[in-house]
2 protein chains.
Amino acid sequence: MSLKYAVLAALLEGEASGYDLAKIFDVSVSNFWAATPQQLYRELERLTDDGLVQARLVAQERRPNKRMFTLSPTGRQDLAEFTARQPKPTAARDELMVKVQALDAGDPTAVRAHIEERIQWAHGKLARYERVRAHLLGDLDEDTFLREGERVGPYLTLLRGISFEEENLRWGERALRILDGRTATTDRERHGGTA
Amino acid sequence: MSLKYAVLAALLEGEASGYDLAKIFDVSVSNFWAATPQQLYRELERLTDDGLVQARLVAQERRPNKRMFTLSPTGRQDLAEFTARQPKPTAARDELMVKVQALDAGDPTAVRAHIEERIQWAHGKLARYERVRAHLLGDLDEDTFLREGERVGPYLTLLRGISFEEENLRWGERALRILDGRTATTDRERHGGTA
DNA sequence: ACTCCTTAGTCAACTTGGTGAATAGGTGCG
DNA sequence: CGCACCTATTCACCAAGTTGACTAAGGAGT
């Protein structure tokens with residue numbers, strides 16, 4: 001149900017094509033609601049049928065034609081009503097954590113490598129987020145923007161995304177230290193230390 | 001695909017019924033992989049058919065009969081291989097954030113209230129996590145456990161869960177301050193201040 | 001006595017989400 | 001000159017998740 005509203009919320013930024021939305025989702029929305037391009041196209045189709053967005057065909061030369069979508073008044077109101085309804089609790093889905101959970105009965109060095117990749121990934125995400133942040137702020141400083149900007153919503157979700165990735169980083173570093181501490185211990189034991 | 005391995009990983013703790021697993025998922029696993037009881041029962045059925053878990057019927061008096069599931073050697077190996085494969089990136093699904101994103105075109109006071117609820121929820125989760133942590137540690141202190149415990153996996157995922165909720169708390173408090181700062185500004189403007 | 005909660009599970013229907021490929025011209029790189 | 005990537009979308013299928021009801025018995029609270 002929420003993909004619908006994630007799309008409507010994304011269209012608050014203005015007219016966009018399915019392709020545009022796919023990119024927007026990729027860089028920012030995916031942080032709290034991931035969706036593949038196919039999901040977006042399908043959802044836009046439905047939203048158009050239900051009159052929540054208006055579609056218009058833009059013929060292009062040297063590029064495929066595209067359909068641009070705008071939030072309709074009905075869509076805007078539906079979205080507003082949605083914000084007032086009680087949200088469902090967060091549903092996390094992190095495959096890495098499943099592997100970490102099973103680490104002791106699995107392949108600890110492989111899992112260690114996955115954690116390192118996750119750390120690299122987080123660095124990349126943070127760099128992209130910083131660019132989104134600069135873009136959102138425009139020429140205002142943060143305090144002014146937060147007090148007077150017309151759209152703090154996207155900034156707040158961005159802050160959540162940033163602290164999520166920072167937390168990923170801190171957790172990852174700690175996890176690596178812990179795992180390294182253990183292999184060190186195991187080595188010592190192997191050479192006849194503790195036992 | 002990962003629900004399968006989340007279940008297998010949970011069975012590393014020992015034999016459990018579907019009902020037990022539902023509770024385990026509720027308090028700890030749900031943090032990185034949420035699942036409803038129905039999903040678990042279905043998955044256990046499949047895993048039994050595929051020989052990855054062994055099922056045994058336990059007749060009970062004054063309680064409904066139950067089926068207890070154990071990880072089979074094949075299941076254990078499948079799980080180990082899974083840990084070595086590259087994980088998919090995290091897929092977040094947070095309805096509250098969708099509402100926050102649309103906040104400026106929606107109902108800011110309602111969203112504010114949702115954030116407050118989220119904060120309360122996070123407090124509750126943290127309290128439960130502390131109990132899980134104490135249970136995992138047993139009589140060891142953290143350092144010893146992390147160096148010598150046989151199963152650090154569940155502890156590491158728990159740490160991630162704890163810092164996630166702490167981050168929720170910090171973000172929530174900050175978001176509330178920001179929103180309050182804005183209504184204050186709006187009030188001043190209404191009384192003829194800034195313009 | 002009545003109701004609600006807990007244990008323990010099953011079934012069916014439905015809604016979402018994910019995968020992979022097809023189409024098709026344009027651009028950039030070496 | 002060819003190959004890979006970018007724009008832009010669609011189709012078809014398959015996998016996964018969600019909802020709600022139903023069964024059944026015991027215990028706890030009012």
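Each chain gets a letter, A, B and so on, in the order its sequence line appears, and its residues count up from 1.
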### Message
If you assign each of Met1(A) and Pro37(B) to its closest nucleotide in DNA chain C, which residue comes earlier from the 5' end?
### Response
Pro37(B)
### Message
I need the OH-P distance between Tyr19(B) and dA24(D), as an integer number of Å.
### Response
18 Å
### Pair Gln120(B)-Glu116(B), side-chain donor/acceptor within less than 3.5 Å
no
#### Entry: Rounded (10°) bend between the five-pair end axes of the helix from dA1(C)-dT30(D) to dA24(C)-dT7(D)
40°
### Query
What integer distance in Å separates Leu21(B):CG from dG9(C):C1'?
13 Å
### Query
How long is the line joining CG of Leu44(A) and P of dA8(D), in whole Å?
14 Å
### Task
Would you kindly compare Arg93(B) and Pro64(B) by the position of their nearest DNA chain C nucleotide and give the one closer to the 5′ end?
Pro64(B)
### Query
Base, sugar-phosphate, or nothing for Arg46(B), non-hydrogen atoms under 4.0 angstrom?
nothing
### Query
Rounding to a whole Å, what distance do you find between Asn65(A):CG and dT7(D):P?
16 Å
### Message
Quick check on dG9(C): is either OP1 or OP2 less than 4.0 Å from any side-chain nitrogen or oxygen of Tyr41(B)?
### Response
yes
### Query
Have Thr70(A) and Arg56(A) got a donor and an acceptor in their side chains that come within less than 3.5 Å?
no
#### Entry: Modelled atom types, side-chain donor and acceptor of Glu142(A) and Tyr155(A), under 3.5 Å
yes
### Message
Under 4.0 Å, counting only non-hydrogen atoms across every strand here, what does Gln39(A) touch: a base, just sugar-phosphate, or nothing?
### Response
sugar-phosphate
### Task
Check if the side chain of Arg42(B) and the base of dG9(C) share a donor-acceptor pair of N or O atoms closer than 3.5 Å.
no
### Task
May I ask you to say what Lys88(A) touches in the nucleic acid, namely base, sugar-phosphate or nothing, with a heavy-atom cut-off under 4.0 Å?
sugar-phosphate
### Query
Which comes earlier along DNA chain D counting from the 5' end, the contact point of Ser17(A) or that of Gln38(B), where each point is its nearest nucleotide?
Ser17(A)
### Message
Nearest to the Trp33(B) side chain among dT16(C), dA8(C), dG17(D), which nucleotide is it?
### Response
dG17(D)
### Query
Taking all atoms of both residues into account, what is the closest heavy-atom pair of Gly51(A) and Ser72(A), and its distance?
O-OG, 2.7 Å
